[in-house]
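One structure is given here, and the rest of the page talks about it.
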Amino acid sequence: MSTVWPVLHYDDTAAAHRFLMEVVGFREAVVVVRDDEGDIVHAELRWPDGGTVLVGGTKHVDSVHGGLKAGAVYLVTEDVDVVQAPHATEFAAGEPTYACSVHDPEGNVWTFGTYRGAS
């Protein structure tokens with residue numbers, strides 16, 4: 001089980017939820033909380049190789065994450081080719097990796113790569 005869970009909030013939680021599941025490859029977890037209008041207040045999505053990301057809506061401002069907007073997430077995967085424009089590069093640690101980055105529908109940056117941390 002992952003003990004680091006990034007939190008991202010979106011204006012359109014339905015579009016974000018679809019993007020993360022259908023394009024990126026997350027799996028829906030048991031927890032998906034909706035408000036009276038059917039919008040996602042909180043969803044826990046699982047990365048197939050381990051890890052969780054939390055998705056919420058920017059209109060829900062009654063929590064410590066209220067008003068949170070735009071961020072960046074890095075996902076470790078050997079299947080980098082499933083996303084556009086993969087390339088060889090080095091991250092700040094100076095270790096080679098094969099990676100690519102995409103923007104989700106609201107401008108968050110998602111980077112996929114083979115780098116698993118400094119050795």
Side-chain angles (χ1 to χ4, degrees):
M1 172 184 270
S2 173
T3 59
V4 178
W5 295 18
V7 177
L8 298 172
H9 280 201
Y10 294 89
D11 294 330
D12 185 343
T13 54
H17 194 260
R18 275 192 309 278
F19 173 82
L20 293 174
M21 295 200 30
E22 296 171 11
V23 176
V24 176
F26 274 88
R27 305 287 186 261
E28 188 168 83
V30 176
V31 178
V32 178
V33 179
R34 297 182 183 275
D35 63 16
D36 293 339
E37 298 167 4
D39 292 330
I40 296 172
V41 174
H42 173 88
E44 297 175 7
L45 303 179
R46 302 277 192 245
W47 183 239
D49 291 337
T52 302
V53 66
L54 305 178
V55 174
T58 55
K59 77 176 193 175
H60 303 104
V61 296
D62 58 345
S63 76
V64 68
H65 298 125
L68 182 66
K69 190 71 176 149
V73 177
Y74 176 76
L75 299 166
V76 174
T77 182
E78 295 300 319
D79 196 12
V80 175
D81 291 318
V82 300
V83 190
Q84 61 189 352
H87 60 284
T89 188
E90 284 185 1
F91 289 153
E95 303 223 8
T97 189
Y98 188 59
C100 65
S101 295
V102 297
H103 289 272
D104 69 20
E106 293 192 23
N108 295 295
V109 177
W110 291 82
T111 299
F112 301 80
T114 57
Y115 175 71
R116 293 186 176 272
S119 38

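Keep in mind that this is a model prediction, so the values were computed, not measured.
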>> Test: salt bridge (Lys or Arg N to Asp or Glu O under 4.0 Å). Region: residues 12-34. Which pairs qualify, not counting sequence neighbours?
In response: none

> Hey, which of Thr52, Val33, Val53 is the one that makes side-chain contact (heavy atoms from CB on, under 4.5 Å) with Glu44?
Replying inline: Thr52

>> Could you measure the distance from the CG atom of Leu8 to the CD atom of Glu106? Nearest 0.5 Å is fine.
In response: 10.0 Å

> Roughly how far, to the nearest 0.5 Å, is CE of Met21 from CZ of Arg46?
Replying inline: 12.5 Å

>> To check you understand the geometry: which heavy-atom pair defines the closest contact between Thr13 and Gly56, and what is its length?
In response: CG2-O, 3.4 Å

> What distance do Phe112 atom CZ and Thr97 atom OG1 have between them, rounded to the nearest 0.5 Å?
Replying inline: 13.0 Å

> So if you build clusters from Ile, Leu, Val, Met, Phe, Trp, Tyr with side-chain heavy-atom gaps below 4.5 Å, do Phe26 and Val41 land together?
Replying inline: no

> Where do His17 and Ala43 come nearest, in terms of heavy atoms and distance?
Replying inline: CD2-CB, 4.3 Å

>> Quick check: is Tyr10 connected to Val23 through a chain of hydrophobic side chains (ILVMFWY, heavy atoms under 4.5 Å apart)?
In response: yes

> Do Val32 and Leu54 sit in the same hydrophobic cluster, where Ile, Leu, Val, Met, Phe, Trp and Tyr count as joined when their side-chain heavy atoms come under 4.5 Å apart?
Replying inline: no

> Closest heavy-atom contact between Cys100 and Pro86?
Replying inline: CB-CA, 3.7 Å

>> Testing the basics here: between Val55 and Ile40, what is the closest heavy-atom pair and its distance to 0.1 Å?
In response: O-CG2, 4.1 Å

> For the ring pair Phe19 and Trp110, is the centre-to-centre distance below 6.0 Å?
Replying inline: no

>> I need the minimum non-hydrogen distance between Pro105 and Ala15, along with the two atoms involved.
In response: CG-O, 4.4 Å

